[in-house]
Amino acid sequence: MPSRPTWRCRACGIAWPCSPAKLRLLGEYRTDRTALLVYLATCQAEAAGELDADIPADRLVQRFTAWARARHAT
């Protein structure tokens, strides 16, 4: 879980979700990617209200949800 209102990892201090948090979340939600994305989108919306207003929305999307989207084979 992140430290709020800074949204930094409580364990390592970098921006949450950090790499270990991402791995944990992927494992925890391994059978329900949709639920993971809903959870992350909720966190993103909460963080948007607590973090610096100058952070662009697309940066928040990359940080919170883009990494968790299912990748399609080409």
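Bear in mind that the values here come from a model prediction, so they are computed numbers and not experimental data.
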Student check: side-chain heavy atoms of Gln62 and Asp58 closer than 4.5 Å = no
Residues 35-46, side-chain donor-acceptor partners within the protein, below 3.5 Å, at least two apart:
| from | atom 1 | to | atom 2 | distance (Å) |
| --- | --- | --- | --- | --- |
| Thr42 | OG1 | Val38 | O | 2.9 |
| Glu46 | OE1 | Arg4 | NH1 | 3.1 |
| Glu46 | OE1 | Arg4 | NH2 | 3.0 |

query = Atom CZ in Arg59, atom CG in Leu51: separation rounded to 0.5 Å?
reply = 9.5 Å
Path from Phe64 to Trp67 over hydrophobic side-chain contacts below 4.5 Å = yes
ask   = Pairs in or reaching into residues 7-17: which pass salt bridge (Lys or Arg N to Asp or Glu O under 4.0 Å), with residues at least two apart or in two chains?
value = none
task = Return yes if a side-chain donor-acceptor contact under 3.5 Å exists between Glu50 and Trp7, otherwise no.
result = yes
Let me check something: any side-chain donor-acceptor pairs from residues 12-27 under 3.5 Å, sequence neighbours excluded? List them with distances.
| from | atom 1 | to | atom 2 | distance (Å) |
| --- | --- | --- | --- | --- |
| Arg24 | NH1 | Glu28 | OE1 | 2.9 |

